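Heavy-atom basis, side chains included; hydrogens, waters and symmetry copies ignored. Predicted model, so just to flag it, every value in this text is computed and none were measured.
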Amino acid sequence: MQVRDFMITKVFTVRPSNTVKELLRILNSNRIGGVPVVNEKDHLVGMISDGDVLRYLAPKPLGIAGIAGLVYIIEAEEIKDVIQEKLDTPVKDIMTKRNLLYVSPEEEFDKAIRLLSRHHFKKLPVVNGAGRVIGVLSRGDIIHNIYKKIISS
């Protein structure tokens, strides 16, 4: 079995210049947890997940700072204020851009499963020979397809 037999071909993507607000709209309206980040030629330049967004939007905790014998209490940020301030941030500022892993549609399915499990990824982009993102493998869809194509056949 090859990756092409299990990949999702309806791929939602964002550009590096898209804002966090635009990303959240895509994630929410399509009920997905992450997307590939592509350039104008649909080449993979990064990945962004709901976890990346949550880590970025998390308010700083209450803290105490001291300077020259004076103690200042730093107030915890309100989540609503933090989100409003950060919604216009470009995706390129928070996406994963190093050590990007992907598979080709011709690769054996077991390699994709090993990559997903070894690196604890939820999604793995599928990139063709021209370097374009043409699909995505997600853990949930793999489980669904394993059941449908292997177990219940």
Side-chain angles (χ1 to χ4, degrees), residues 1-62 76-153:
M1 292 182 293
Q2 293 181 321
V3 166
R4 74 170 68 259
D5 300 322
F6 291 86
M7 70 184 198
I8 302 161
T9 56
K10 184 177 181 183
V11 184
F12 297 96
T13 62
V14 294
R15 302 258 189 252
S17 59
N18 283 119
T19 65
V20 169
K21 183 178 183 178
E22 292 165 330
L23 170 66
L24 289 172
R25 187 176 299 120
I26 291 168
L27 296 179
N28 183 59
S29 62
N30 297 293
R31 297 184 164 280
I32 54 178
V35 294
V37 183
V38 297
N39 65 16
E40 63 283 343
K41 294 181 180 179
D42 290 332
H43 291 169
L44 182 68
V45 296
M47 287 293 290
I48 186 96
S49 71
D50 50 7
D52 297 323
V53 174
L54 289 177
R55 282 185 290 279
Y56 178 67
L57 294 178
K60 294 183 181 114
L62 181 65
E77 296 176 302
E78 292 291 327
I79 187 69
K80 187 176 177 182
D81 296 335
V82 170
I83 290 172
Q84 287 300 324
E85 289 174 18
K86 295 182 175 182
L87 285 177
D88 292 327
T89 302
V91 166
K92 68 181 175 192
D93 291 354
I94 61 171
M95 70 182 190
T96 301
K97 23 190 172 213
R98 291 180 305 187
N99 302 322
L100 291 176
L101 295 178
Y102 57 88
V103 290
S104 76
E106 294 81 25
E107 287 191 70
E108 292 299 316
F109 182 60
D110 59 334
K111 177 183 178 182
I113 290 177
R114 280 195 306 275
L115 281 173
L116 284 165
S117 64
R118 183 180 315 128
H119 298 282
H120 303 281
F121 292 153
K122 292 182 180 181
K123 293 189 182 302
L124 191 60
V126 180
V127 177
N128 69 11
R132 295 183 65 229
V133 175
I134 60 164
V136 172
L137 283 174
S138 76
R139 292 189 304 199
D141 290 311
I142 288 173
I143 296 298
H144 173 75
N145 279 302
I146 286 173
Y147 182 79
K148 186 172 91 176
K149 293 181 180 185
I150 298 173
I151 297 173
S152 69
S153 318

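E106 and R4 get closest at one heavy-atom pair: OE2-NH2, 2.8 Å. Considering all non-hydrogen atoms of both residues, L124 and L101 come closest at CD1-O, 3.4 Å. When all heavy atoms of M47 and P125 are compared, the pair lying nearest together is SD-CG, 3.7 Å. Between G135 and V11, the closest heavy-atom pair is CA-CG2, 3.3 Å. Nearest heavy-atom pair, A112 versus L137, reported as atom, atom and distance to 0.1 Å: CB-CD1, 3.4 Å. Nearest heavy-atom pair, I94 versus D52, reported as atom, atom and distance to 0.1 Å: O-CB, 4.2 Å.
Atom NZ of K21 sits in a sparse spot, with 12 or fewer heavy atoms from other residues, nucleotides or ligands closer than 6.0 Å. The local environment of CZ in F6 is crowded, with over 12 non-hydrogen atoms from other residues, nucleotides or ligands closer than 6.0 Å.
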I would like to know whether I48 and L27 meet side chain to side chain contact (heavy atoms under 4.5 Å, CB included); could you show each step before the answer? CA-CA 10 Å; I48 186 96; L27 296 179; over 6 Å; no
Side chain to side chain contact (heavy atoms under 4.5 Å, CB included) between K111 and V3, intermediate numbers included: CA-CA 9 Å; K111 177 183 178 182; V3 166; over 6 Å; no
Side chain to side chain contact (heavy atoms under 4.5 Å, CB included) for R132 and K41? Distances and angles first, verdict last. CA-CA 7 Å; R132 295 183 65 229; K41 294 181 180 179; 5.9 Å; no
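You'll find the side chain of F109 reaches within 4.5 Å of the side chain of I142, heavy atoms only. The side-chain heavy atoms of E108 and Q2, taken from C-beta on, include a pair separated by under 4.5 Å. The closest side-chain heavy-atom distance from N18 to L23 is not below 4.5 Å. Under the 4.5 Å side-chain criterion, counting only non-hydrogen atoms from C-beta, V45 is in contact with M95. Residues N28 and R31 form no side-chain contact, since every pair of their non-hydrogen atoms from C-beta on lies 4.5 Å or further apart. D42 places none of its side-chain heavy atoms less than 4.5 Å from the side chain of V133.
Using a distance-only test at 3.5 Å, with no hydrogens or angles considered, a donor-acceptor pair links the side chain of K86 to the main chain of Y56. With hydrogens and angles ignored, the 3.5 Å screen pairs a side-chain donor or acceptor of N30 with a backbone N or O of I26. With hydrogens and angles ignored, the 3.5 Å screen pairs no side-chain donor or acceptor of K123 with any backbone N or O of V35. A donor-acceptor pair is defined here as one N or O able to donate and one able to accept, closer than 3.5 Å; such a pair exists between the side chain of R15 and the backbone of N39.
With sequence neighbours excluded, the residues forming a salt bridge (Lys or Arg N to Asp or Glu O under 4.0 Å) with R114 are D110, listed by chain and number.
Between the OG1 atom of T96 and the CZ atom of R98 there is a distance of 9.0 Å, given to the nearest 0.5 Å. Here the straight-line distance linking atom CD1 of I113 with atom CZ of R118 works out to 12.5 Å at 0.5 Å rounding.
Electrostatic pairing of R55 and D50 does not count as a salt bridge here, judged by no charged N lying under 4.0 Å from a carboxylate O.
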